Asker: 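I have a structure I would like to understand better, so I am pasting it below and will then ask my questions one at a time.
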Amino acid sequence: DTGVSQDPRHKITKRGQNVTFRCDPISEHNRLYWYRQTLGQGPEFLTYFQNEAQLEKSRLLSDRFSAERPKGSFSTLEIQRTEQGDSAMYLCASSSGLAANTGELFFGEGSRLTVL
Amino acid sequence: AQSVTQLGSHVSVSEGALVLLRCNYSSSVPPYLFWYVQYPNQGLQLLLKYTSAATLVKGINDFEAEFKKSETSFHLTKPSAHMSDAAEYFCAVRDSSASKIIFGSGTRLSIRP
């Protein structure tokens, strides 16, 4: 399968712990996005990369959140000192070329975080 | 700023009936609009997109949407619902900087046998 893959699919952690999610985009895609989705809501933009450069960060992304894409391939999203309000599905998407120009995104299945 | 509003968080139709999911947009520039579908335990998939070409856009699984500038609408329709259409549907718009897309809150579609 050559789609976007995310790991882990589910993570349960205790409040105050750090968690890290990984996203492997479609191999030829140079844009990579992170979104967050809570129950009953649509995905909310968090941040995006063009190659290894992080070009935009949402105000939703507090100082406890950090994302990297060190070699322009896979990306990680780390949440430090987790809070119960961080419980959500974290979605990764990628895009490239004409699809990127129109805004079309290819999504992974998401990583669900539960903070106890 | 670009935004979309989906009217109705939950729509229920009978199998074989018309599906109509409503979306209105707000955009300061000619919009690029999308409908995405999320089946249970799966990632979001693009259903169809409007990129300023034909105003009637056809997508997968017999879904289509019509861009109406005068009504600032981009409603999704399907002539005959199938049980497999049960899912969450999201309307979305590309933001003015073309850096990302902005999603609506979603409409859950249920199909009655």
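These numbers were taken from a predicted model, which means no experiment stands behind them. Every chain is numbered from 1 and lettered A, B, ... according to where its sequence line falls, protein lines coming before strand lines.
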Asker: Identify whether B:F63 and B:L33 are in the same connected component of the hydrophobic contact network (ILVMFWY, side-chain heavy atoms under 4.5 Å).
Answerer: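 Yes, it is one cluster - the side chains of B:F63 and B:L33 are joined through contacts under 4.5 Å.
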Asker: Indicate, with yes or no, if B:V37 and B:V4 share a hydrophobic cluster defined by side-chain heavy-atom contacts under 4.5 Å among Ile, Leu, Val, Met, Phe, Trp and Tyr.
Answerer: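 Both belong to a single hydrophobic cluster.
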Asker: State plainly whether one hydrophobic cluster holds both B:V11 and B:L47, where clusters connect Ile, Leu, Val, Met, Phe, Trp and Tyr through side-chain heavy atoms under 4.5 angstrom apart.
Answerer: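 Linked, B:V11 and B:L47 end up in one cluster.
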Asker: Which atoms of A:L55 come close to chain B, meaning under 4.5 Å heavy atom to heavy atom: side chain ones, backbone ones, both, or neither?
Answerer: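 Contact with chain B is absent: no heavy atom of A:L55 under 4.5 Å.
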Asker: Considering distance alone, list the donor-acceptor pairs between chain A and chain B shorter than 3.5 Å.
Answerer:
from   : atom 1 : to     : atom 2 : distance (Å)
A:R31  : NH1    : B:A98  : O      : 3.4
A:Y33  : OH     : B:S99  : O      : 3.1
A:Y35  : OH     : B:I101 : N      : 3.3
A:Y35  : OH     : B:I101 : O      : 2.7
A:Q37  : OE1    : B:Q38  : NE2    : 3.4
A:Q37  : NE2    : B:Q38  : OE1    : 3.3
A:E56  : OE1    : B:S99  : OG     : 2.8
A:E56  : OE2    : B:K100 : NZ     : 2.5
A:N101 : O      : B:R94  : NH1    : 2.3
A:E104 : OE1    : B:K49  : NZ     : 2.9
A:L105 : N      : B:Y36  : OH     : 2.8
A:L105 : O      : B:Y36  : OH     : 3.3

Asker: Work out which heavy atom in A:G42 is nearest to a heavy atom in B:F90; give both atom names and the distance.
Answerer: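 Where A:G42 meets B:F90 most closely, the heavy atoms are CA-CE2, 3.4 Å.
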Asker: Do you reckon B:L109 sits in the same ILVMFWY cluster as B:F103, going by side-chain contacts under 4.5 Å, direct or chained?
Answerer: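 No, B:L109 does not connect to B:F103 through the hydrophobic network.
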Asker: When rounded to the nearest 0.5 angstrom, what distance separates CZ in A:F106 from CG in B:L46?
Answerer: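 One gets 7.5 Å once the value is rounded to the nearest 0.5 Å.
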Asker: The criterion is side-chain contact (heavy atoms from CB on, under 4.5 Å); which residues satisfy it with A:T20, sequence neighbours excluded?
Answerer: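 Checked A:T20 against side-chain contact (heavy atoms from CB on, under 4.5 Å); matches are A:T76, A:E78.
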Asker: Same hydrophobic cluster for A:I79 and A:F45, using side-chain heavy-atom links shorter than 4.5 Å among ILVMFWY?
Answerer: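 Each belongs to a different hydrophobic cluster.
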Asker: How is the hydrophobic cluster of A:L116 composed, in terms of its other members, when Ile, Leu, Val, Met, Phe, Trp and Tyr link through side-chain heavy atoms under 4.5 Å apart, directly or indirectly?
Answerer: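 Traced through the cluster, A:L116 reaches A:I12.
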Asker: Restricting to pairs with a member in residues 59-84 of chain A, which pass ring-ring contact (aromatic ring centres under 6.0 Å, His included), not counting sequence neighbours?
Answerer: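 Every candidate ring-ring contact (aromatic ring centres under 6.0 Å, His included) pair involving residues 59-84 of chain A fails, so no pair, neighbours aside, qualifies.
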Asker: So which part of B:I101 gets closer than 4.5 Å to some heavy atom of chain A, the side chain, the backbone, both or neither?
Answerer: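 Both the backbone and the side chain of B:I101 come within 4.5 Å of chain A.
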